[in-house]
Amino acid sequence: MNKLLLTYLKPYRKELLLVVALVLVQTFANLFLPDLNARIINNGVVTGNTGYILRTGGYMLGVAFVLGAASIAAVYLGSKIAMAFGRDARSALFRKVESFSQREINKFGTPSLITRNTNDVQQVQMMVAVSLTVMLGAPLMIVGGIVMALRQDVPLTLSLAVILPVMGAVLYGIGGRAIPLFRSMQTKIDRINQVMRETLSGIRVIRAFARTEQEHARFDEANLDLTDTGLRVQRLFALMLPALMLVFNFSSVAIMYFGGQRIAGGHMQVGNLTAFVTYVMQILMSVLMATMLAMMVPRAAACGDRIQQVLEVEPSISDPMKPVFLAGLDGGRRGVVEFKNVEFRYPGAQDPVLSGISFTMYPGQTTAVVGSTGSGKSTLISLIPRFYDVTSGSIEIDGIDIRDLQRDELWKEIGFVPQKAFLFSGTVASNLRFGSEEATDDDLWAALAIAQAHDFVSETEEQLEAPIAQGGTNVSGGQRQRLAIARALVKRAPIYVFDDSFSALDFRTDSLLRAALKREVADATVIIVAQRVSTILHADQIIVLERGTIAGLGTHQELMNTSDTYREIVYSQLSEDEVA
Amino acid sequence: MSDQYPPSSENRRGGDEAPGASQTGAASAGDPGASTSQRGALRGRQQQQHGPGLGPPGLIGTGDKPKNFRTSFNRLVGRLRPDAFRIGIVTFLAVVSVAMAVSGPKLLGRAMNIVFEGFINKKLPVGVTKEQVIAGLKAQGDTKLANMFSGLKLNPGHGIDMAALGKLLLVVAAIYLLSSLFAWVQGYIMAGVVQRVVYRLRREVDFKLARLPLKYFDDHPRGDILSRVTNDIDNIQQTLQQTLTQIITAALTLLGVLGMMFWISQILAAISVVTIPLSIAVTMMIAKRSQKQFGLQWQRTGSLNGHVEEMYSGHNIVKVFGRQKEAIAKFDEGNDQLYKASFKAQFISGIIMPTMMFIGNLNYVAICVVGGLRVATGALSLGDVTAFIQYSRQFMQPITQVASVANVLQSAVASAERVFELLDEAEEVPDPAQPVVLRKATGQISLKDVSFRYLPDVPLIEDLNLEVQPGQTVAIVGPTGAGKTTLVNLLMRFYEIDRGSISIDGTDTRKMTRDDLRHLFGMVLQDAWLFGGTIRENIAYGKDDATWEEILTASEAAHVDHFVRTLPEGYDTRLDDDSTNISQGERQLLTIARAFLADPEILILDEATSSVDTRTEVLIQRAMNKLLRGRTSFVIAHRLSTIRDADVILVMNEGRIIEQGTHKELLAARGFYYDLYNSQFAEALVEAS
């Protein structure tokens, strides 16, 4: 975390120094007040010098003003630094993640990256804010308080040697027990959450199996467990405040007694005793504050480390130093995609996910990829937009290795429809224009028509402006897929990649869509991953994947004759007489 | 004690810190409860915001305002009634504890006086009387000192009476000890009260959920319900714990301290009292502004988080569509907005503490000066002034506490309101008092003139008649979203029909208990539901007393035995929350095994197997066919063979049953089914041949 703080606080060095200075002023002022009070008693009250009392009162007022002004200025600067730190860290994180390839994303996981980008930064930022405004003052106050106490009376200051350890023991004793309890409480809240989530998601099954009683028992168990831990935490905390109060109060009593002795012995003045008590209280308060805040540090440090981890990762895929450019559209480009002995393995994995993959796709042709789960279909097509890079061999577009292209240029070539149709919050139109800002409404409607989404969009009141919730959760799975397909079509790319993009469509819509695609994007290179045999029957070439290698390549008819794997797949979906 | 920082906030924060921390799991994009769990996360963070150094914690309210504060508040208080006796004890203990704590400084002031007197006495020659000293001083013209001395117990030449001081201080120590002890016992009891209240509340919600009709769950996002059970109740727990003890002690302390202050010196007390409205006004003024900024901060955090979540979830799409620049630009804009709001929120709320300290210091100075003058004139003893200074420090604290409690309470009542709302939802029609019990049904089912609507003005199923003989298979077909599960919902009484009747073996299903009715059914749905437990437990779900042999037999029948045995822990493999350790197809096989074990008379099957690989698909198909044998079954059909072999086909479209008959009959009718059949299968057949 230190590195993170160093890097992102560096630009605010001057402000930081200023904050330290202001906190110093604050501490001095805070310590000065009781001293002035002591003078009022010693030189004013005892001698009955009214003028002195008033004059010193005036000083005190001035000190109070300085104190107030310094505190507010420190809060201002401290907040500014902390929040700017947070802003800068968030920005650096976001940019970093945007530069990541799928490999780095997988390494952390999307939810974790989101958490790091917002919550973790929030934690560290809060810690910085609190450190600058409050924590910084605590050690100064402790040191200053001890110095001032020593000035009042040296032997009496020795009482701190007893008071501070006692205070430490109380804090450690209670806090040390509380922290593990808090952690266990969190797990138990998570447990309640989990049981309840299961109950809610399985409500039909629970009722269908008439298992309500057992579910109650499960919940009750979690509930009792949480209640029990909650009770222990709260009881412990019920002890905290009274115990600290006791330390504080016993300290004043003891100081009063021993101070009395010192005064009786003529070693100390009366006013110094009151001041002394005040200093001790200030010291104890600061210790308390420092401890409480110190409890925050480990958590923030953990967050800081999580942020730093992300920032330190170098994206595995970047643009080439000397990019090659694809010929312009008029330069006789065709959109031929060729896999040349492609191998791909995840870092550190023993076996490759894909190996020895070679095939060529031509414009105007449809290539279909079939195979069972885990055979590497999705991986294969995610290599085309360089979500991952091949580990050996190459993929070429019109004879150019895609790693020699700038990624922006590569992506312009590809209309991609992901397996999980992900839509962005906005409207139908904003989603469709995702790949092509300048598309006209007519373009959008045309794409919708091909994607068989024309009807349901035109049935909505807002038409193209119909709102889409984040992730597209307000439309059905089938509609989502069709919108994702339309989005890719609007882009008018020479290469289309469909990753199992028809799964949520019924057979009828599926076949209509494919027919329309064939008609409308006749000159494009199309690659489709599919589960359903009916989706791929009429592809120009079908690649049968098995355990990451090509087990068959050809048309439906050819494969029916040559490939056992293919036949098995076909027969699992259509009965024999249907095929024959 | 002199507290520059109200320690109450420290104590409170302890309770706040741990929860909220893990509310970070960002909702995945596909989760229908995304927006609400987002909200949950926000709440969690809001609670964290009551972090240290932010001034009076509660002043940074959560922004949730209850709709009907009084009603919900009363109801929340009403839930404490079973513990009224304990709360009585707590209040009594609080009175004693506060009274003792409050008397401390006054007694310490007396100790100060003993010291001061001794100090003065020592300076005076032995054998002189007090009157002589005062007379002497007056003679010297030093009336001020004379006045001051007249208020003291003088015993010239004797020095400090250490024995008296020791005795007095012992008494003070004892009082402080008892005060802390009582405070502890009070907090200890209160913890029990609060935890019990919260436990009962959670339990009640759980039972309530079991009695709510399914419609409720359709209408309310899961994340929202979940958040009520966890976040809201948690919020109630934390606030109750804080407010109940605090409000009692704070109010009593305020009263006690004020009393003591007026007892010591009316003038000084009057000065201090002036600071009350002053600090309240200042706090309110600042808090109002900071609350607005905090609201803005959370709103902007939310929207930035939303953007980040969206961009990260759609990372590849953003890239392949070349939208990174826009994504970054939008992020920067949101990030800057957030920076501005959070800086303002932090700064404004941060001002509260220095300002209160400043007011406190003004008060301190005033008391020092005026008190000093009063001591000098003999109207007040020095000990009283030192005691007073302590009181005036103590007395700022309960004021801030009460102010913060009022705010925290708002959020707790808002949470309580959301929980009560759930508790007030209309429940299912209760089961009949004397239900008919079907021990063993043959599986004959008849639907007579059944009508049903989800929404009162949208007709869905109208006058449906259907006779199913034991062992028959009913196939339900129709395009995506045709409402094929509606019928299932009615059969199992997840929803109540509006008119007509459904009977099994001649018994109206409404005459049975729901549990008994549902025991007759087995269900294998596309969305295979497994719970966090071992595979063995999951299979045995429908039958409590299942033996190991029975489980094995069911597993073999459902073709799960083989793959389960390939898992390192076999049947004891724990399925995690999302069961990522087994595939979708395997999940479905497990639910089939479950149905085998439960051995129901009537079966409901959903054939859809979208993301299942071909080999598992074959297994599922075989297992399902085996399961169908000899049982009355309703199949949401996707396979041609199932449909053609079905005894009755129900064709659904747009939520309604539009055709009914056998495959041959329906084809001959050349209606919707005919079209559907041709579009779905003809192409495949033609091209395959």
Side-chain angles (χ1 to χ4, degrees), chain A residues 40 45 48 53 57 60 64 68 71 75 79 83 87 94 110-111 114-115 117-119 130 134 182 193 196 198 200 202 205 208-210 212 219 223 227 231 234-235 238 241-242 246 248-249 253 256-257 260 264 281 372-373 385 411 416 422 434-435 471 503 506-508 534 537 569 572 579, chain B residues 1-2 11 18 24 26 29 53 111 115 144-145 160 165 169 173 176 180 183-184 187-188 191 195 199 202 206 210 222 229-230 305 308-309 312 314 320-321 331 339 342-343 346-347 350 354 358 361 365 369 372 375-376 479-480 515 518 523 529 531 542 610 613-614 618 679-680 684 687-688:
Chain A
I40 287 189
V45 175
I53 294 177
M60 285 179 84
S71 311
V75 167
S79 313
M83 298 306 151
R87 177 194 59 194
F94 189 78
T110 311
I114 298 168
T115 312
N117 208 152
T118 50
N119 285 45
V130 169
V134 188
F182 274 142
N193 223 324
M196 192 36 80
E198 276 177 11
L200 290 176
V205 182
F209 281 92
T212 314
F219 184 82
N223 192 5
T227 306
L231 202 59
Q234 294 303 341
R235 282 183 175 164
L241 194 60
L246 201 63
F248 279 58
N249 289 330
V253 170
M256 196 61 96
Y257 184 77
M281 290 306 139
S372 59
T373 311
W411 292 331
F416 187 82
F422 189 88
F434 209 61
S503 61
D506 58 68
F507 287 86
R508 183 189 166 88
S534 58
L537 284 175
I569 292 169
S572 76
V579 179
Chain B
M1 56 173 273
S2 77
N11 184 38
T24 51
V115 171
K144 275 183 197 161
L145 213 55
I160 298 173
L165 182 66
L169 288 177
Y176 275 142
S180 277
W184 177 39
Y188 190 91
Q195 293 299 331
Y199 168 78
R202 275 200 206 98
D206 180 45
R222 211 199 301 166
V229 185
T230 51
N305 202 35
V308 169
E309 186 182 338
Y312 286 7
V320 95
F321 283 86
F331 175 86
Y339 160 70
S342 52
F343 162 64
Q346 185 69 26
F347 174 54
F358 179 65
N361 279 330
V365 173
V369 172
V375 174
T480 320
D515 280 0
R518 289 166 191 167
M523 198 164 72
W529 184 81
F531 65 92
S610 57
D613 67 80
T614 45
V618 175
S679 70
Q680 289 199 7
E687 298 202 20

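To find a chain, count down the sequence lines: A is the first, B the second, and so on, and within it residues start at 1. Please read all numbers here as calculations on a predicted model, not as lab measurements. Because only heavy atoms are used, hydrogens play no part in the values below, and waters and symmetry mates are left out as well, while side chains stay in.
- Atoms CD and CD, on A/Gln234 and B/Gln195 in that order, are 6.0 Å from each other to the nearest 0.5 Å.
- Residue contact with chain B, scored on non-hydrogen atoms closer than 4.5 Å, involves the side chain of A/Thr212 exclusively.
- B/Val369 and A/Gly57 make their closest contact through CG2-CA, 3.3 Å (heavy atoms, listed as atom of the first residue, atom of the second, distance).
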Go through the steps for A/Met196 and B/Asp206 under the test side-chain contact (heavy atoms from CB on, under 4.5 Å), then give the verdict. CA-CA 8 Å; A/Met196 192 36 80; B/Asp206 180 45; 3.9 Å; yes
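- In this structure, the portion of B/Phe358 lying under 4.5 Å from any heavy atom of chain A is its side chain and not its backbone.
- Heavy atoms of A/Asn117 lying under 4.5 Å from chain B belong exclusively to its side chain.
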Decide side-chain contact (heavy atoms from CB on, under 4.5 Å) for B/Arg202 and A/Phe219; before the verdict, give the C-alpha distance in whole Å, the side-chain angles of both, and the deciding distance to 0.1 Å. CA-CA 9 Å; B/Arg202 275 200 206 98; A/Phe219 184 82; 4.1 Å; yes
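- Between chain A and the options B/Tyr312, B/Tyr188, B/Phe343, heavy-atom pairs under 4.5 Å are most frequent for B/Tyr312.
- Interface remark: B/Val229 contributes side-chain atoms only to the contact with chain A (heavy atom separation under 4.5 Å).
- Taking CZ of B/Phe321 as the reference point, atom CZ of A/Phe416 lies at 9.0 Å (rounded to 0.5 Å).
- Rounding to the nearest 0.5 Å places CE of A/Met256 at 8.0 Å from CG of B/Leu165.
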Would you check, one step at a time, whether the test side-chain contact (heavy atoms from CB on, under 4.5 Å) holds for B/Tyr199 with A/Leu231? CA-CA 11 Å; B/Tyr199 168 78; A/Leu231 202 59; over 6 Å; no
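- The shortest non-hydrogen separation linking B/Asn361 to A/Ala64 is CB-CB, 4.0 Å.
- Heavy-atom pairs under 4.5 Å with chain A were tallied for B/Ser342, B/Gly187, B/Ala191, B/Ser180; the largest tally goes to B/Ser180.
- Summarising the geometry of B/Trp184 relative to A/Pro242, their closest heavy-atom pair is N-CG, 3.6 Å, with the distance given to 0.1 Å.
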